[in-house]
Amino acid sequence: MKILGIETSCDECAASVVEDGKKILSNIVATQIPFHAEYKGIVPEIASRMHTEWIYGVVKEALDSASLKPGDIDAVAAAAHPGLLGSLLVGMNFAKAFAWAVNIPFIAVDHMLSHLYAPHLEHDDIQYPFLGLLVSGGHSIICRADDFDNITVLGTTIDDAAGEAFDKIAAHYGLGYPGGAVIDKLAKEGDPRAYNFPMPSLHKGDHYYDLSYSGLKNAVINQLDKFRSPENTADEDSLADIAASFQKTAVDILLRSLFRAAEDQRLSTIAAGGGVAANSYLRDVLSKRQDLRCIFPSLSLCTDNGAMIAGLAYHYLLRGEVSPLTAAPSARVRSFKRVQH
Ligand code: KG4
Ligand code: ZN
């Protein structure tokens, strides 16, 4: 079965055709990043307008590059939540119109569940249950996955998301937007032990697996003043040191909660997703753990894409769970349970 997956929850306008939840026949991603970069963040109004202009061309390219026509598609899926409402509406409404015109089922899926599904597109042997690490610009979630749609949140951020901290720090240091990949690259030339940035102290109980980035973000941003002061002459080396030290602390915050959860839940497989899962230091540390199997999607499937939407939708279709054409988007995370400590 060939499913067209459409992803417009944020600033990527993406469409993909995936066969039987596995085989990627096409995967087109048109990024709006250059159009938001001058504002150092995503402008929702610009995002939804650009999706409106681009969505037809992106879907057409996804079909053309798979040598398919609309009539060859068995179902069409779109991200319905969480995300920017105006952006989600564009992808959902295009998908609904496509489904109506071709007379095929429409399936609304959760963007975060789709990120967690992405590793399945490249690996056949991921067994449930496993530990999920979902880290993006908007969310930071450590969860237990018992099935593709049976997810229990063990820990989440109590303030900023991990990617948001990378983005905000990069913006303050004038490194551009988004900040994750830039800081990652710069950190390779720096000393991660040059600065001692604080780890949040969240104790056993409600916050045991939770994450917090506002303290670290403020400490690194305050460093800017020191960095600029006359007695601390700014040079490229110290900027690279700040990037490396921040990145190490930011990733160590994730790893501390992740390793606690792996031990307590007795789970030895970790599947990561979301833009921050592209981080090279995170990948490096996790890949060296002999006691854990860490599965990372390739970089193009870590960040937002339509293949993860189409792949996940296949499993709903198998169960006969399709969505009405009246389905509405939602800005908030749905479909996840929160663990009771
Ligand atoms: O999942 P994603 O493409 O979009 C959503 O937020 O849903 O994630 C984008 C986030 C941005 O905050 C970006 O700075 C971060 O992922 N990111 C990274 C890296 N590449 C992208 N963060 C750390 N290291 C990276 N290499
Ligand atoms: Zn995402």
Side-chain angles (χ1 to χ4, degrees), residues 5-14 16 27 29-33 36-37 40-42 44 47 51 78-84 87-88 91 109-119 132-141 157 160-173 175-188 190 192 211 213 216-217 220 243-244 246-255 272-286 296-309 311-312 331-333 335-336:
I6 295 179
E7 160 59 45
T8 60
S9 65
C10 196
D11 59 338
E12 318 288 5
C13 189
S16 163
N27 193 18
V29 180
T31 182
Q32 301 178 355
I33 283 174
H36 297 280
K40 298 182 183 154
I42 292 158
H51 284 309
H81 41 80
L84 301 170
S87 292
L88 287 165
V109 302
D110 185 275
H111 176 86
M112 301 308 287
L113 285 185
S114 306
H115 270 305
L116 215 45
Y117 184 80
L133 175 67
L134 290 175
V135 273
S136 69
H139 301 278
S140 303
I141 294 172
T157 180
D160 293 342
E164 195 179 351
F166 276 87
D167 294 340
K168 286 185 175 163
I169 285 164
H172 272 267
Y173 280 86
L175 296 173
Y177 174 85
V182 188
I183 289 180
D184 195 347
K185 190 162 171 238
L186 190 60
K188 291 194 196 330
L211 310 158
Y213 280 99
L216 171 62
K217 180 191 69 185
V220 181
F246 157 69
Q247 175 174 271
K248 181 179 179 334
T249 313
V251 170
D252 286 349
I253 290 171
L254 283 180
L255 294 174
V276 183
N279 186 266
S280 60
Y281 172 66
L282 174 70
R283 286 175 174 246
D284 192 42
V285 175
L286 283 177
F296 287 98
S298 53
L299 294 188
S300 62
L301 294 177
C302 263
T303 46
D304 292 348
N305 65 87
M308 64 183 191
I309 305 291
L312 176 64
R332 301 166 71 96
V333 179
S335 322
F336 283 41

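Index from 1, following the sequence. Counting convention: from 1, in listed order, for ligands and their atoms alike.
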- [ ] Give the residue and atom name of whichever protein heavy atom lies nearest to atom 13 (C) of ligand 1, and the separation in Å to one decimal.
- [x] Asp167 OD1, 3.7 Å

Task: Residue His111 vicinity, atoms of ligand 1 by number, heavy atom under 4.0 Å - done: 7 (O)

Open item on the list: Using a 4.0 Å cut-off to any heavy atom of His115, which atoms of ligand 1 qualify?
Closed with: 1 (O)

Open item on the list: Using a 4.0 Å cut-off to any heavy atom of Gly179, which atoms of ligand 1 qualify?
Closed with: 14 (O)

Open item on the list: Would you say that Ile33 contacts Asp11 through its side chain, given a criterion of any heavy-atom pair below 4.5 Å between the two side chains?
Closed with: yes

TODO: Please could you name the atoms of ligand 1 that Pro178 approaches to less than 4.0 Å, counting only its heavy atoms?
DONE: 14 (O)

TODO: Output yes when the distance from some N or O of ligand 1 to some N or O of Glu164 is under 3.5 Å, and no in every other case.
DONE: no

Task: Whether Cys10 has an N, O or S atom under 2.8 Å from the Zn ion (ligand 2) - done: no

Task: Which atom of Asp304 approaches the Zn ion (ligand 2) most closely (N/O/S) - done: OD1

Open item on the list: So for ligand 1, is Phe166 a polar contact partner (N or O within less than 3.5 Å, distance only)?
Closed with: no

Open item on the list: Give me the nearest non-hydrogen protein atom to atom 18 (C) of ligand 1 as residue plus atom name, then the distance to 0.1 Å.
Closed with: Gly180 CA, 3.4 Å

- [ ] Give the numbers and elements of all ligand 1 atoms closer than 4.0 Å to a heavy atom of Gly163.
- [x] 12 (O)

Task: Identity and separation of the nearest protein heavy atom to atom 26 (N) of ligand 1 - done: Asp184 OD2, 2.9 Å

Open item on the list: Below 3.5 Å, N or O to N or O, backbone or side chain included: is there any such pair between Asp304 and ligand 1?
Closed with: yes

TODO: If you have a sec, work out which protein heavy atom is nearest atom 24 (N) of ligand 1 and how many Å separate them, to one decimal?
DONE: Asn279 ND2, 3.0 Å

- [ ] Would you mind running through ligand 1 and noting each atom that sits below 4.0 Å from a heavy atom of Gly138?
- [x] 6 (O)

Task: Heavy-atom nearest option to atom 17 (N) of ligand 1, drawn from Gly275, Gly41, Ala79 - done: Gly275

Open item on the list: Does any part of the side chain of Leu216, heavy atoms only, come nearer than 4.5 Å to the side chain of Phe246, both counted from C-beta?
Closed with: yes

Task: Gly274 neighbourhood, listing ligand 1 atoms whose heavy-atom distance to it stays under 4.0 Å - done: 1 (O)

Open item on the list: Side chain or backbone, does Gly137 bring an N or O within less than 3.5 Å of an N or O on ligand 1?
Closed with: yes

Open item on the list: Using a 4.0 Å cut-off to any heavy atom of Ala181, which atoms of ligand 1 qualify?
Closed with: 19 (C), 20 (N), 25 (C), 26 (N)

Task: Distance-only polar pair, side chains of His111 and Ser9, donor-acceptor under 3.5 Å - done: yes

Open item on the list: By the definition side chain to side chain donor-acceptor pair (under 3.5 Å), identify the one residue from Thr303, Asp110, Asp304, Asn305 that meets it with His115.
Closed with: Asp304

TODO: Could you tell me whether any N, O or S atom belonging to His115 is less than 2.8 Å from the Zn ion (ligand 2)?
DONE: yes

